[in-house]
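Note sheet for the following structure.
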Amino acid sequence: MRLCFEGAAGEVTGSRSIIEYRIGQKDRRFAVDWGMFQGGRDAHQKNFEPSSEHADTLECVILTHAHIDHSGLLPRLCAQGFHGPIYCTLATLDLLKVLLADSAHIQAFERERAERRQAKNQWRGDLPQPLYSLDDVTQCLAQCRPIAYHQRTPILEGVSLEFVDAGHILGSATAVIDVVHDGRSAHQPTKRIVFSGDLGTRNRPLMNDPDRVHQADVLVLESTYGNRLHRSLQSTEDELVEIVSRTLKQGGNVIMPAFAVGRTQEIIAILLNLVRQKRLPFLSIFVDSPMATAASEVTDRHLSLLDAQTQALAAWAKAHPQAARVHFTKDVNESKALNQIKGGAIILSASGMCEAGRILHHLFWNCPREQSAIVITGFQAAGTRGRLLVDGAKTLRLLGAEVTVKASVHTLGGLSAHADQADLLWWCQGFAEPPEKVFITHGEDTASENLSSVLVSELGWARPIRPKRGESFPC
Ligand SMILES: [Zn+2]
């Protein structure tokens, strides 16, 4: 058996691995994740690399979760001739419908915008080429085969798969794959390969703690925050209580740019819980992002996958409608009406880095008001408006105008969908014996190197391998 790393090796995007094995004399291949590369200079080029060879030879794909850096090139693979099944959880499939369609829309929009500019002689060079169309997304979704957690399922001759909860986002899974030893028949003993997928944090709202796995021959482990420790949820809550109370008292609005999938639902849960604990008064929360609304609907449909506290909170909120109002704006007119609200509103909107979408309008109206507060809730990449706000910009370019920033700006540091070093170690301690081979992926060099060292020093594991893109290893 060989394990090939095609992405998320030495970086955090483009998750893609291929497993090759042999039944009798026949070589077989399947993949785990087929993600898009995002950010970085050569991401575009990597996304466009031909994958027709893979489309012809892969027999199935296992998808750990819906995030685009794990799923985003699947429609392209299908368009190039891959007809096999894509195994994922049902909640992942429901989120894929939202995320992949959005990805296709953005690509079509960028192409149309470039064509309009070209017509006015304002575009130089080649026009952006969409990676895939909405039709390709529809085809890809039709190839998805949902599997429930904790249900071992034969997926290929000599290969079976079980998903366990990775606690990262709704539907996210760790893939526990049993593969027959090379050259044997399908009923002979197997090797167990475990792909952690992205692992969540413990003791956080919404998601369950990640399930630990007790045995693996080969482990492929993510390392996004392998060199960091997160702040506690308690301090994040304290900070939020302080900001919201003060802003409401002085008659302003709280504007929260938030990622539509996961972060928005997490913040709603935190705010409702603070109301329930009587640490915050009645709240009027507006969710103003079509994608966040769609993702919240998917979350509601899969309430049973959330942790017990969040399920209890949802029941409490239903029984106490007077305690807080969560309103999802239905159209552009409702969104625009929010611009007239001078105080008392908490507005959650996308995009999370303030680069596009309805958040721009809310920043436009609230940045110049010293009574209002802007609360940044996630990572802000260099060069984005969100980063400028975090760095203390005094003015911001919004909707074609230079807007003064008089509102207070706060950064909530404690929210993360990724396990930190302590949680990664806790998860690895679930193995009764150290896995024979450990590969560390999905992390920048410093993060993967640091995690690798602590696995050796704290758990006594043999030094893990940190594969580079394109490398493959016998297993
Ligand atoms: Zn993820």
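Order of listing sets the numbers, starting from 1, for every ligand and every atom in it.
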Check: Restricting to N, O or S atoms of His168, which is nearest to the Zn ion (ligand 1)?
Finding: NE2
Notebook entry, point to check: Can we say Asp178 and Arg192 salt-bridge, meaning some charged N sits less than 4.0 Å from an Asp/Glu carboxylate O?
Noted result: yes
Next item on the list: May I ask you to check whether His65 brings an N, O or S atom to under 2.8 Å from the Zn ion (ligand 1)?
Entry: yes
Check: Can a salt bridge be assigned to the pair Arg29 and Glu59 using a cut-off of 4.0 Å between side-chain N and carboxylate O?
Finding: no
Checklist line | Degrees at the Zn ion (ligand 1) between the ND1 atom of His67 and the OD2 atom of Asp198, nearest 10° | finding: 170°
Margin query: Regarding Tyr132 and Ser103, do their side chains bring together a donor and an acceptor under 3.5 Å, going by distance alone?
Written below: yes
Next item on the list: Considering only NZ, NE, NH1 and NH2 on the basic side and carboxylate oxygens on the acidic side, decide whether Asp420 and Arg228 come within less than 4.0 Å.
Entry: no
